[in-house]
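Before any comments, here is the structure.
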Amino acid sequence: MSCKASGKIWFNGEMVEWENATLHVLSHVVHYGSSVFEGIRCYKNRKGSAVFRLQEHVRRLFDSARIYRMEIPYTEDEISDAIVDTIRENGLEECYIRPVVYRGYGEMGVNPVNCPVEVAIAAWEWGAYLGAEALEVGVDAGVSTWRRMAPDTMPNLAKAGGNYLNSQLAKMEAVRHGYDEAIMLDYHGYVSEGSGENIFLVMDGELYTPPVSSSLLRGITRDSVIKIAGTEGIKVREEPLTRELLYLADEIFFTGTAAEITPVRSVDGVEIGSGRRGPVTKTLQDEFFRIIRAETDDSFGWLTYI
Ligand code: PPE
């Protein structure tokens, strides 16, 4: 999905024109994948425009940087303010926000410590991630031959640019095989996550999702769904899930900032449940969007109005 190349980008503390937010080809990040980033959504609702779980996203950005020993030359509050400023500056009411922290131009060689840590924040309008109809009719997924990284290889809890090389392989394979999205297994062979989403199964009215130890990104939408399920009286189990459970589940859905809550209608060509969005998925989706659209109380304190 393309992003509109216009407006301003917050670039190392200054608002610059979109086309001027550039870096040198010998920047460390270009060669060694040394970046961490976030994906955040801002929604227009009847009270104004609100960023969804801003604090948690900024926190995770700093956590990702901490894992890679990158010192961000700003505080969490400064980055949160810069995100809000970027949305305002571009006059966006509803958008996707992409803060990225990377090792810049300094020295070549694997050791990154002598390269400056730089920060950019861009925002643009981004519609439904897996297609306009996906939220209702669901997507077709296939289990990837590419596995998620073993825990002692690349840290999955860091939302690092380099991790997405693994996601890219899985996504390209999925699309080549005619699927919309990939489901990856972890290094033990248990279900992990999608190329850019977490995954939930519904079985006998209860929710199942793989634990953090299954090599996944600890998604903020995943956490939101777990919390909403709690208020709806739906039991959630975080436990290792075998591949064949994907074929037996009554319902499956993906969660992510970009994907929101997207039903999965088939896995490896096997129809899930009735092959359409199930009742538990719909209940969770409805409540998720009611909170975002300010049609119910923001009792979790998830919305930051800009
Ligand atoms: N797993 C992965 C691998 C992942 O990339 C995401 C987000 C998630 C889980 C869900 O995390 P959260 O957004 O906190 O609920 N993927 C982001 C990037 C997608 C992209 O194509 O770029 C996103 O959804 O913004």
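Values below: all heavy atoms of this structure, side chains included; hydrogens, waters and symmetry mates excluded. We count ligands from 1, going down the list as the structure has it; atoms in each ligand are counted the same way.
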Are S215 and D186 linked by a side-chain donor-acceptor pair shorter than 3.5 Å?
no
Could you walk me through whether Y129 and Y96 pass the ring pair (Phe, Tyr, Trp, His ring centres under 6.0 Å) check?
CA-CA 11 Å; Y129 186 59; Y96 182 85; 8.1 Å; no
Residue of the set Q55, E56, H57 for which side chain to side chain donor-acceptor pair (under 3.5 Å) holds with R53:
E56
Between ligand 1 and the protein, find all N/O pairs closer than 3.5 Å and give the distance for each.
| from | atom 1 | to | atom 2 | distance (Å) |
| --- | --- | --- | --- | --- |
| ligand 1 | 1 (N) | E193 | OE1 | 2.6 |
| ligand 1 | 5 (O) | K159 | NZ | 3.4 |
| ligand 1 | 5 (O) | Y164 | OH | 2.4 |
| ligand 1 | 13 (O) | T257 | N | 2.8 |
| ligand 1 | 13 (O) | T257 | OG1 | 2.6 |
| ligand 1 | 14 (O) | R60 | NH1 | 2.8 |
| ligand 1 | 14 (O) | R60 | NH2 | 3.0 |
| ligand 1 | 14 (O) | I220 | N | 2.7 |
| ligand 1 | 15 (O) | I220 | N | 3.3 |
| ligand 1 | 15 (O) | T221 | N | 2.9 |
| ligand 1 | 15 (O) | T221 | OG1 | 2.6 |
| ligand 1 | 16 (N) | K159 | NZ | 3.3 |
| ligand 1 | 16 (N) | G196 | O | 3.2 |
| ligand 1 | 21 (O) | Y129 | OH | 2.4 |
| ligand 1 | 22 (O) | R98 | NH2 | 3.0 |
| ligand 1 | 24 (O) | T257 | N | 3.3 |
| ligand 1 | 24 (O) | A258 | N | 2.8 |
| ligand 1 | 25 (O) | Y96 | OH | 2.5 |

Is there a side-chain hydrogen bond (donor to acceptor under 3.5 Å, both in side chains) between T231 and E287? Walk through the geometry before answering.
CA-CA 10 Å; T231 64; E287 189 55 19; 5.4 Å; no
Rounded to the nearest 0.5 Å, how far apart are CG of L217 and NZ of K159?
5.5 Å
Sole residue of E193, E197, E238 in side chain to side chain donor-acceptor pair (under 3.5 Å) with R222
E238
